[in-house]
Engineer: 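Sharing a structure, written as structure tokens. Questions coming.
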Amino acid sequence: MIAVLKHGTTEAQTQHLIAWLKNMNLDVHISQGQEVTILGLIGDTSRVDMELLGSLDIVETVKRVSEPFKQVNRKFHPLDSVITAGNAKIGGGNFAMIAGPCSVESEEQIIKVATAVKEAGANLLRGGAFKPRTSPYAFQGMGGKGIELLLKAKAATGLPIVTEIMNISTLDLFTDVDVIQVGARNMQNFDLLKELGKTNKPILLKRGLANTLQELLMSAEYIMSEGNENVMLCERGIRTFETYTRNTLDLSAITVLQELTHLPVIVDPSHATGKARLVPPMAYAAAAAGADGVMVEVHNNPACALCDGAQSLTPAQFAELNQKVQQIREVLK
């Protein structure tokens, strides 16, 4: 349920109403706009008398929200959320260009790639320290050492870092990480989501391989229900009957999600296609569709990469991609 307050309502009146609603064991989410204030009521709203609430002098309208996701819902928060990660802002017209290798392999490699992608226009550095792999014999990442090397790359370039968490037990290692990524396989690891909700870290939540958009939004709700409002969504392709690409990139998800939620929407064309030559056109399409950012895998020597070299761009290819993405965004303005 949401209650829209009338323009001119004082802070004292608002707080008095919130106290009354909380006495009914409801949580109240406040969205403060330039013209109106919206109170989102979370909990058992069946006990709320809509006619009584709507009759109050300071209340403009009262509506029930039918969707199961509440805090991520645009009805609760009409304005786009802007997430701050280090010196980068994402959402609300701020575009994120996230680039870096699938996995951290050495100090020389990650600093070299970080320097190159920054020069090419990236404003965040991605790199896997912990790698969930289908095969138990594949490279699993450097773990905590990988995070240490990412932090060295951050110190060398100033780029905020994005890296994936796989297990609650390693959360302490992410203290200095700017954005914690939840991978597709962990999208419905609800215990992990709740723990991340108790932090104040920006979270990049990837859509699962076979999950609906509503399920993605409900996973984001798990994080936000614990108090962390710094959530970004990532469309990284879903599994369909098509085998020519690694996954099928659902570009329509960008528009649908932006209608349903105020959270930024990032697109990962690298994991979606699995082929380097397909990454640029899908990145362009994502930018044209209005995504809030693109996450691209970049390696200084893709042929020798320990993980996902086939979908990785060279720094020169990334520079060209970024230039064209920015041109597309200028046209849209």
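In what follows, residues are counted from 1 in the order of the sequence shown.
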Engineer: Atom OG of Ser31 and atom CG of Asn73: how far apart are they, to the nearest 0.5 Å?
Structural biologist: 11.0 Å
Engineer: Using the side-chain hydrogen bond (donor to acceptor under 3.5 Å, both in side chains) rule, pick out the option among Gln327, Gln326, Lys333 that qualifies with Glu330.
Structural biologist: Lys333
Engineer: Can you tell me how the ring of Tyr222 sits relative to the ring of Phe190, calling it parallel under 30°, perpendicular over 60° and tilted otherwise?
Structural biologist: parallel
Engineer: Would the number of heavy atoms belonging to other residues, nucleotides or ligands and lying under 6.0 Å from NZ of Lys6 be above 12?
Structural biologist: yes
Engineer: With a cut-off of 6.0 Å (strictly less than), are more than 12 heavy atoms of other residues, nucleotides or ligands near CG of Asn167?
Structural biologist: yes
Engineer: In terms of side-chain geometry, is the basic nitrogen of Glu221 or Lys70 positioned less than 4.0 Å from the acidic oxygen of its partner?
Structural biologist: no
Engineer: Going through the checks in order, is the salt bridge (charged side-chain N to carboxylate O under 4.0 Å, His left out) test met by Lys206 and Glu164?
Structural biologist: CA-CA 10 Å; Lys206 284 196 164 188; Glu164 181 174 349; over 6 Å; no
Engineer: Please find the pair of heavy atoms, one from Gln181 and one from Val162, that lie closest to each other, and give the distance.
Structural biologist: OE1-CG1, 4.1 Å
Engineer: Under 4.5 Å between any side-chain heavy atoms of Leu233 and Ile266, yes or no?
Structural biologist: no
Engineer: When you group the ILVMFWY residues by side-chain heavy-atom contacts below 4.5 Å and let the links chain together, are Met218 and Val72 in the same group?
Structural biologist: yes
Engineer: Is Leu260 reachable from Val82 through a run of hydrophobic residues whose side-chain heavy atoms are each under 4.5 Å from the next?
Structural biologist: no
Engineer: Just say parallel, tilted or perpendicular for the rings of His77 and His262, cut-offs at 30° and 60°.
Structural biologist: parallel
Engineer: What residue among Val296, Leu313, Asp308, Val298 forms side chain to side chain contact (heavy atoms under 4.5 Å, CB included) with Ser270?
Structural biologist: Val296
Engineer: Quick one: do Gln258 and Thr255 satisfy side chain to side chain donor-acceptor pair (under 3.5 Å)? Show the steps, please.
Structural biologist: CA-CA 5 Å; Gln258 289 177 339; Thr255 302; 5.4 Å; no
Engineer: Could you check if a side-chain atom of Gln109 sits within less than 4.5 angstrom of a side-chain atom of Asn301, using non-hydrogen atoms only?
Structural biologist: no
Engineer: Would a hydrophobic clustering, with Ile, Leu, Val, Met, Phe, Trp and Tyr connected at side-chain separations under 4.5 Å, put Leu26 with Phe69?
Structural biologist: no
Engineer: Output yes when a side-chain donor or acceptor of Asn322 lies under 3.5 Å from a complementary backbone atom of Ala319, and no otherwise.
Structural biologist: no
Engineer: Before you tell me yes or no, could you show the steps for Leu150 and Val104 under side chain to side chain contact (heavy atoms under 4.5 Å, CB included), namely the whole-Å CA-CA distance, both residues' side-chain angles and the distance that decides it to 0.1 Å?
Structural biologist: CA-CA 8 Å; Leu150 281 168; Val104 180; 3.7 Å; yes
Engineer: Examine distances only and state if a side-chain atom of Thr170 and a backbone atom of Leu173 form a donor-acceptor pair shorter than 3.5 Å.
Structural biologist: no
Engineer: Using a 3.5 Å distance criterion without hydrogens, assess whether the side chain of Ser219 forms a donor-acceptor pair with backbone atoms of Met187.
Structural biologist: yes
Engineer: Are Leu159 and Ile83 co-members of a hydrophobic cluster defined by side-chain heavy atoms under 4.5 Å apart?
Structural biologist: no
Engineer: So which atom in Leu263 and which in Ser81 form the shortest heavy-atom distance, rounded to 0.1 Å?
Structural biologist: CD2-OG, 4.4 Å
Engineer: Would you please say whether a donor-acceptor pair under 3.5 Å links the side chains of Thr14 and Glu11?
Structural biologist: no
Engineer: Does any N or O in the side chain of Asp49 come within less than 3.5 Å of the main-chain N or O of Leu52, such that one atom is a donor and the other an acceptor?
Structural biologist: yes
Engineer: Working to the nearest 0.5 Å, report the span between CE of Met295 and CG of Leu204.
Structural biologist: 5.0 Å
Engineer: Can you tell me how far apart OG (Ser66) and NZ (Lys63) are? Round to the nearest 0.5 Å.
Structural biologist: 11.5 Å
Engineer: Which distance, rounded to the nearest 0.5 Å, do you find between the CD1 of Ile238 and the OG1 of Thr212?
Structural biologist: 9.5 Å
Engineer: Give a yes or no answer on whether the side chain of Arg74 reaches the backbone of Thr261 with a donor-acceptor pair at less than 3.5 Å.
Structural biologist: yes
Engineer: Membership question, hydrophobic clusters at under 4.5 Å side-chain separation (ILVMFWY): are Ile90 and Ile180 in the same one?
Structural biologist: no
Engineer: Decide yes or no on side chain to side chain contact (heavy atoms under 4.5 Å, CB included) for Val267 and Met282, but give the supporting numbers first.
Structural biologist: CA-CA 9 Å; Val267 172; Met282 292 301 96; over 6 Å; no
Engineer: Would you check if Met50 and Arg64 make a side-chain contact, meaning some heavy-atom pair closer than 4.5 Å?
Structural biologist: yes
Engineer: Taking Asn186 for the side chain and Asn189 for the main chain, is one N or O donor matched with an acceptor at less than 3.5 Å?
Structural biologist: no
Engineer: Can you confirm whether Arg239 is buried at CZ, in the sense that more than 12 heavy atoms of other residues, nucleotides or ligands lie under 6.0 Å from that atom?
Structural biologist: no
Engineer: Pairing donors with acceptors under 3.5 angstrom, does anything connect the side chains of Glu60 and His7?
Structural biologist: no
Engineer: How far does SG of Cys234 sit from CZ of Arg207, to the nearest 0.5 angstrom?
Structural biologist: 11.0 Å
Engineer: Is there side-chain contact between Asn228 and Ile203, with at least one heavy-atom pair below 4.5 Å?
Structural biologist: yes
Engineer: Compare every heavy atom of Pro264 with every heavy atom of Gly91, then report the nearest pair and how far apart it is.
Structural biologist: CA-CG, 4.0 Å
Engineer: Does a side-chain heavy-atom distance below 4.5 Å link Val59 with Leu17?
Structural biologist: yes
Engineer: Please say whether the positively charged group of Lys275, taken as NZ for Lys or CZ for Arg, lies over the ring of Tyr244, i.e. under 6.0 angstrom from the six-membered ring centre and within 45 degrees of the axis.
Structural biologist: yes
Engineer: Could you verify whether a donor N or O on one side chain and an acceptor N or O on the other, from Asn211 and Gln188, lie under 3.5 Å apart?
Structural biologist: yes
Engineer: Could you check if a side-chain atom of Ile38 sits within less than 4.5 angstrom of a side-chain atom of Phe76, using non-hydrogen atoms only?
Structural biologist: no
Engineer: Rounded at 0.5 Å granularity, tell me how far CD1 in Ile223 sits from NZ in Lys194.
Structural biologist: 12.5 Å
Engineer: Less than 4.0 Å between a side-chain N and a carboxylate O, is that true for Lys201 and Asp178?
Structural biologist: no
Engineer: For Asp292 and Asn94, test the side chains for any donor-to-acceptor distance below 3.5 angstrom and give the result as yes or no.
Structural biologist: no
Engineer: Using atom types as modelled and distance alone, determine if a side-chain donor or acceptor of Thr163 lies under 3.5 Å from a backbone N or O of Gly127.
Structural biologist: yes
Engineer: Can you check whether Ala96's main-chain N or O pairs, donor with acceptor, with Asn123's side chain at less than 3.5 Å?
Structural biologist: no
Engineer: Taking all non-hydrogen atoms of both residues, which atom of Gln317 and which atom of Thr314 are closest, and how far apart?
Structural biologist: OE1-N, 2.9 Å
Engineer: Does the side chain of Glu226 reach to within under 4.5 Å of the side chain of Leu193, using non-hydrogen atoms?
Structural biologist: no
Engineer: Using side chain to side chain contact (heavy atoms under 4.5 Å, CB included) as the criterion, point out the one residue from Asn87, Val177, Thr84 that pairs with Pro160.
Structural biologist: Asn87
Engineer: For side chain to side chain contact (heavy atoms under 4.5 Å, CB included), just list the numbers for Leu171 and Leu196, CA-CA rounded to whole Å, side-chain angles, deciding distance to a tenth of an Å, and then say yes or no.
Structural biologist: CA-CA 8 Å; Leu171 185 56; Leu196 293 175; 3.8 Å; yes
Engineer: Determine whether Leu124 and Met97 make a side-chain contact, defined as any pair of heavy atoms from C-beta on separated by less than 4.5 Å.
Structural biologist: no
Engineer: Are Lys324 and Glu320 close enough for a salt bridge, meaning some N to O gap below 4.0 Å?
Structural biologist: yes
Engineer: Looking at Leu5, is its backbone amide N or carbonyl O close enough to the side chain of Thr9 to form a donor-acceptor pair, meaning the two atoms are under 3.5 Å apart?
Structural biologist: no
Engineer: With no hydrogens and no angle check, is any side-chain donor or acceptor of Glu235 less than 3.5 Å from a backbone partner on Asp250?
Structural biologist: yes
Engineer: For Glu242 and Asn247, what are the C-alpha separation, side-chain angles and deciding distance, and is it a side chain to side chain contact (heavy atoms under 4.5 Å, CB included)?
Structural biologist: CA-CA 8 Å; Glu242 181 55 65; Asn247 295 285; over 6 Å; no
